Amino acid sequence: MSTAYNPKEAEKKWYNYWLENGYFKSVPDEREAYTIVIPPPNVTGILHMGHMLNNTIQDVLIRKARLNGYNACWVPGTDHASIATEAKVVAKLKAEGKSKYDLSREEFLDKAWEWTHEYGGKILTQLQSLGASCDWDRTKFTLDEDMYESVIKTFIDLHNKGLIYRGYRMVNWDPEAKTTLSDEEVIYQEKQAKLYYINYKIEGLDEQICIATTRPETIFGDTAICINPNDERFTHLKGKKAIVPIIGRSIPVIEDDYVDIEFGTGCLKITPAHDENDKMIGDKHHLEVIDIFNDDATLNKHGLHYEGQDRFKVRTAFTNELKEAGHLQKVEAYTNKVGLSERTKAVIEPKLSDQWFLKMKDLAKPALDAVLKSRDIKLFPSKFENTYKHWLENVRDWNISRQLWWGHQIPAFYYNDKKDYVVAKTKAEALKLAKQKSGLDLTEKDLVQDEDVLDTWFSSWLWPISVFNGINEPNNKEFNYYYPTKDLVTGPDILFFWVARMIMAGYEYTDKKPFENIYLTGLVRDKKGQKMSKSLGNSPDALKLIDQYSADGVRVGLLLSSAAGNDLLFDEALCQQGKGFGNKIYNAFKLINSWEINSDIQQPEHSKLALNWYTSKFAESLQLIEDHFSKYRISDALMASYKLVWDDFCSWLLEIIKPAYQQPIDAKTYHRIIELFENNLKILHPFMPFITEELWHQIKKRNKNEALIVSDWPSAETIDQDLLKGFSFSSEVISNIRNIRKQKNIAFKNPINLSVINSEQTDQRFDSIISKMGNIEQLTYVDSKIENTISFRVKTNEYFIPIQGAIDVEAERKKLSEELNYLEGFLKSVDKKLSNKRFVDNAPEKVVAIEQQKKADAEAKIETVKKSLESL
RNA sequence: GGGUGCGUAGCUCAGUUGGUUCAGAGCAUCUGGUUUACACCCAGAAGGUCAGGGGUUCGAAUCCCUUCGCACCCA
């Protein structure tokens, strides 16, 4: 075996081995199912740090479940990402000098599919290099035929239930992508802007009224001036009319206490078509609505001589015109927040348009109850419950339509000059319905399907159901077997628009929760605390990382500092640590493997004892690890395994049983250490699947039914507490010996003698271990202090190591005095507690007993130290 | 502006019901060590006003109030 582990070869080899033998594959059987559905990454996406973290956690959970004997099923897939994909295709067309509108819808969709097949889904292959044990035969895509059908069916159903309606609403319009965005797809950014003060003439009076606005170009759409009814400055203007400058239109002065008297001039221009609040006031006062923009945010005919020009150009030009005409009073610097499209970065234009909405209130209730009342669904960490609650209690209707082509086309068919519509799966069905509804003699030609598609989330909210075809065939065998799923692993940033909605869909369509536990990972940030993103360019290349540190190493590195829900400041050093751990495990095996076995030699006492100790230690750690897993404390589970293997197994156990250089090992010890090592591999497998499988097969040749990935999780053995206590006492003794060796420059290879006053009556079996680990030639039990020695104490036991040459009595005295000082101070604080009547009366018995024990221990130890001091 | 969360060692973070082992872990640092499985190593050490202030309690990193700082979500 070589000195260092070579992961590259092993990782490729074992992933293929797992694939070939179908270990990832799941078919329903008599075992209990353990299902995880992947949060479908964007089909256009490539693997980044967030995916790596998220999918590593899922793989850990699914591999552990597999070892625990569940029928583990991890369903992979991607979503079609309407906006992102369409943007890519549009960009590609643009590069070819074409526009989307040069193509028919069908032609465009062909291009999009072409694009998807060529570039899409790469991320799934990338997940394989991470070791993801998904059942790849189940890979789903939100535009697969059955998935498509599920979405359409759901739309029709919700429409028939009256939950989907059509509304003329203010939406976030992305003028570049020419589509509506959800609130979640808009990023607000602070921008340096200007506040323009503009005068409007009052009709019939020789007076002007001044308004402040950040958007003078919207003046073309003004339909009122609003004042606060309590504002005495403007009382005389009630019922008057104002003249819109340049345009010359006459608009009413209205009153509404929405207006903040303090802000700006206390006067507001109302542009209902282009501002949400203005729309609200407009509705209240029955104002006219004038839309001044085209779809690309150039001005339309209402913009008069600016028709066809961009909104920002018009802002400048129109301001100049106002200035020249004497309407502009002043301009002030002003910081405000501007909404930008997450995808195109274009400034969002609030726009009124026809959209489809889903009523959320009734759907939200069961979702709220499931998490907060019945606790059917658990959130890890639970701190997100507040956020979840807040959002669902203040939920707004969901705008589910998008002005795009790539996606599920809304199954609404218009007729009668678009004045009426019916909702149906096919045009034929729609025709039937339309005829019934209208009584008209229509043909298919009279029907026009809605151009828009549904929000991508409207397909992914069905994901846990639809991947098992549970919408189309609610009683199919697979769906009944795998659903509800077990865990969902995702980021808190999509708690609302994905997780909560899946829960709603779950209860609406299956009467069941879609999953039991939600594990929310943190965001991956760089060392500076910035979120890792493509746009910042601070995300390391995922595949390069794997190449450099091995998949196992990267998995460990990511998990080491990723407590659930807490952001993870990513540092490559963590991957190095992960890789180093792999190397450690490899070398542990290399050592064991190098031993020559001799069945004639007796098992040494220290080996027997140490093996028994590790068995108990393992059982104890296993319990701890299980506890961490049960609370989704994955990084703690890993750290517990890490310490067990590195510290307890390698640093203690192997060092104890290691035969002298080039000496053989007894067969009994050898066979037991192999068993124990195999158990280590089992608990490490979920975290580091590759190296563990590799070593598992190096231990001995195994057939395909004996692979580690499908072996059994170690079962709990009894923990011998006395053994653990005795060992930890002994390790303290060994530590002290090492300290003294270091202080006195006694190299480890030089044996020394040790004498002990065994006041604690410790188990003498451990002497063999102390002797081996301390390189003690002679261990003697004595009754009193030995001259010319240096001493140390563990509890009330006193140990003496003879030293050549003069003993520094002063130094020894100083050391003892310091110990005494500390102990007396400690005793004093314990005494103080115990003499406090209120403590003794109020504290639980157990706590008081502990304090009494501390007192007794301290007193005994003080006696020992005092005696030593006297004898000096 | 409204909401939520956070502040513990140089760094990243645990600390579960207020009570033992409560002030911890890993990394980094420092000291010593290598013909020996691993320098991707071994052994050891140092490092803290638990953000500041106040309160409740026999007892507070933990509960309450407040100030400061940070992050996220919503408008």
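Reckoned from all heavy atoms, side chains included, excluding hydrogens, waters and symmetry mates. Here the structure is a predicted model, which is why all the values come from computation and not from measurement. Convention: sequence-line order gives letters A, B, ...; per-chain numbering from 1.
- For B:rC41, the paired base is B:rG33 (Watson-Crick or G-U wobble, both distances below 3.5 Å).
- Dense packing is recorded around CD of A:Q743, with more than 12 heavy atoms of other residues, nucleotides or ligands lying under 6.0 Å away.
- Under the Watson-Crick and G-U wobble criteria, each requiring two contacts below 3.5 Å, nucleotide B:rG5 is paired to B:rC70.
- Checking the phosphate oxygens (OP1, OP2) of B:rG15, a side-chain nitrogen or oxygen of A:R633 falls inside 4.0 Å.
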For nucleotides 17-25 of chain B, 5' to 3', base contacts (B), sugar-phosphate-only contacts (S) and non-contacts (-) with protein non-hydrogen atoms under 4.0 Å give --BBS---S
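- When the nearest nucleotides of RNA chain B are assigned to A:N587 and A:H628 by heavy-atom distance, the more 5′-ward of the two goes with A:H628.
- Between B:rA61 and B:rU29, the two P atoms lie 32 Å apart (nearest whole Å).
- For B:rC72, neither phosphate oxygen OP1 nor OP2 lies less than 4.0 angstrom from any side-chain nitrogen or oxygen of A:T387.
- Across all strands shown, B:rG19 pairs with B:rC58; the Watson-Crick or G-U wobble distances both stay below 3.5 Å.
- Within the structure, a side-chain polar atom (N or O) of A:N386 is placed less than 4.0 Å from OP1 or OP2 of B:rG5.
- Between B:rA75 and A:R396, a contact under 4.0 Å exists linking OP1 or OP2 to a side-chain N or O.
- Across the C1' atoms, B:rU62 and B:rU17 are found 10 Å apart, a figure rounded to whole Å.
- Here the side chain of A:Q576 is nearest to one of B:rG3, B:rG26, B:rC40, namely B:rC40.
- One P atom belongs to B:rC65, the other to B:rA75, and the distance between them is 28 Å to the nearest Å.
- For A:S651, taking side-chain heavy atoms from C-beta onward, the closest of the listed nucleotides B:rG15, B:rA43, B:rC38 is B:rA43.
- Straight-line distance between the C1' atoms of B:rC22 and B:rU31: roughly 28 Å, to the nearest whole Å.
- Of all nucleotides listed (B:rG5, B:rC27, B:rA37), B:rA37 comes nearest to the side chain of A:K590.
- Under the Watson-Crick and G-U wobble criteria, each requiring two contacts below 3.5 Å, nucleotide B:rC11 is paired to B:rG26.
- Contact check, A:W646 against B:rG26: no side-chain N or O comes under 4.0 Å of OP1 or OP2.
- A:K584 contributes a side-chain N or O that forms a donor-acceptor pair with the base of B:rC38 under 3.5 Å.
- In this structure, the nucleotide among B:rC38, B:rA37, B:rC73 sitting nearest to the side chain of A:N583 is B:rC38.
- Of the candidate nucleotides B:rC40, B:rA37, B:rG26, B:rC40 has the atom lying nearest to any side-chain atom of A:K579.
- Among the nucleotides B:rU36, B:rG44, B:rC42, the one closest to the side chain of A:Y661 is B:rU36.
- Out of B:rC58, B:rU4, B:rC74, the shortest distance to the side chain of A:R838 is found at B:rC58.
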